[in-house]
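One-based numbering, in listed order, for ligands and for the atoms of each.
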Amino acid sequence: MIELRNVTLKYGEKVILDKVSLTVQDNTIKAVLGPSGVGKSTIIKLMLGLIKPNSGQVFVDGVDITPLKEADLYPIRRKMGIVFQGNALFDSMTIAQNMSFFLRENLRLPEEEIKQRVTEQIRFAGLEGYEEQLPESLSGGMKKRVAIGRALIFNPKMILFDEPTAGLDPVSSRKILNLIASLKKSNDLGAVFVTHIIDDVFAIADEVSVLYQSKIIFDGPTEQLHNSEHPFIKSILSDKILEL
Ligand SMILES: Nc1ncnc2c1ncn2[C@@H]1O[C@H](COP(=O)(O)OP(=O)(O)OP(=O)(O)O)[C@@H](O)[C@H]1O
Ligand SMILES: [Mg+2]
């Protein structure tokens with residue numbers, strides 16, 4: 001479980017998040033929906049302990065990670081897989097090397113076990129036959145699946161996605177969303193994904209937090225979003241704006 005409790009985050013004098021609280025339960029898909037520049041990637045960075053809040057706390061499985069030193073954050077981060085917006089693949093490494101990189105760097109596992117985990121993820125991501133290719137030869141959707149496979153390689157309980165469908169065509173988007181939903185069912189995984197695309201939220205999110213002007217203006221089950229009286233939410237739903 002990940003919880004932000006009363007988190008305030010400033011860059012310089014500018015308040016990005018103002019007393020933001022939200023919880024991501026295990027085995028639940030939670031979306032954080034908000035317009036461009038509102039602080040969505042900042043929320044992901046806070047959850048990983050990559051940045052610290054000015055005030056408030058971030059809990060991972062009940063542990064307040066805000067006072068932790070870098071070395072103590074490593075085991076916490078290993079509970080979470082992360083898929084960056086641009087995938088952050090290593091251009092000069094093959095697909096198999098991309099997937100095994102962090103495993104090899106961080107855990108001193110026998111080579112046999114590394115191979116086995118990579119084979120599992122290649123199969124899961126539907127990338128058999130592409131093991132020895134470089135990322136540049138893959139489509140956008142396939143690159144995203146490599147990044148997801150790499151994020152799963154530590155067997156995390158939770159996976160964090162920064163804009164998982166940004167830049168993908170509708171068919172590839174749908175495939176990635178289905179993959180995220182299937183992770184919850186088949187691997188008991190929880191997921192949090194930040195997005196500006198409302199359709200993605202309705203497609204797979206159990207719960208949604210809406211971030212607007214530094215504050216959470218809705219937090220609850222996705223199907224209850226329609227009941228919100230907040231003018232911003234009413235306008236995005238009634239105008240059928242697909243992207244914020
Ligand atoms: N290191 C930084 N220093 C100063 N300002 C920053 C820094 N990182 C982000 N910001 C600003 O903080 C705000 C929130 O940034 P963030 O990247 O979290 O937004 P976002 O919702 O992910 O945006 P996008 O939709 O563009 O991905 C933006 O106004 C951004 O310009
Ligand atoms: Mg962002």
For [atom], closest protein heavy-atom neighbour:
{"atom": "atom 19 (O) of ligand 1", "result": "Gly39 N, 3.2 Å"}
{"atom": "atom 25 (O) of ligand 1", "result": "Lys40 NZ, 3.0 Å"}
{"atom": "atom 17 (O) of ligand 1", "result": "Ser41 CB, 3.7 Å"}
{"atom": "atom 6 (C) of ligand 1", "result": "Tyr11 CD1, 3.2 Å"}

How about Thr28 and Asp206: does a side-chain donor come under 3.5 Å of a side-chain acceptor? no
Scan side-chain atoms only and decide if Thr8 and Asn54 contain a donor-acceptor pair under the 3.5 Å cut-off. no
Would you say the ring centroid of Phe154 lies under 6.0 angstrom from that of Phe102? no
May I ask you to check whether Phe218 and His226 place their ring centres under 6.0 Å from each other? no
Yes or no, since that's all I need: does a protein heavy atom fall within a distance strictly under 4.0 Å of atom 4 (C) of ligand 1? yes
I'd like to know if atom 31 (O) of ligand 1 has any protein heavy atom within a distance of less than 4.0 Å. no
Drop me the distance from Lys215's NZ to His230's NE2, to the nearest 0.5 angstrom. 10.0 Å
Using a 4.0 Å heavy-atom threshold (strictly under), name the region of Thr42 that reaches ligand 1: side chain, backbone, both or neither. both
Residue-level breakdown please: for Lys14 versus ligand 1, do any non-hydrogen atoms fall below 4.0 Å on the side chain, on the backbone, on both, or on neither? side chain
To which of Ser36, Gly37, Gly34 does the heavy atom nearest atom 13 (C) of ligand 1 belong? Gly37
Could you tell me which residues satisfy salt bridge (Lys or Arg N to Asp or Glu O under 4.0 Å) with Lys79, sequence neighbours excluded, listed by chain and number? Asp61
Could you name each residue pair satisfying salt bridge (Lys or Arg N to Asp or Glu O under 4.0 Å) that touches residues 170-181, not counting sequence neighbours? none
Does this structure show an ion pair linking Glu111 with Lys115, if we count only N-O contacts that are shorter than 4.0 Å? no
Side-chain ion pair, Glu163 and Lys144, N-O less than 4.0 Å: no
Would you mind writing out the side-chain donor-acceptor pairs for residues 134-142 within the sub-3.5 Å range, not counting sequence neighbours?
from	atom 1	to	atom 2	distance (Å)
Ser137	OG	Gln133	OE1	2.9
Ser137	OG	Leu134	O	2.8
Ser139	OG	Met142	N	3.3

Ignoring waters, protein N/O/S atoms under 2.8 Å from the Mg ion (ligand 2) are Ser41 OG
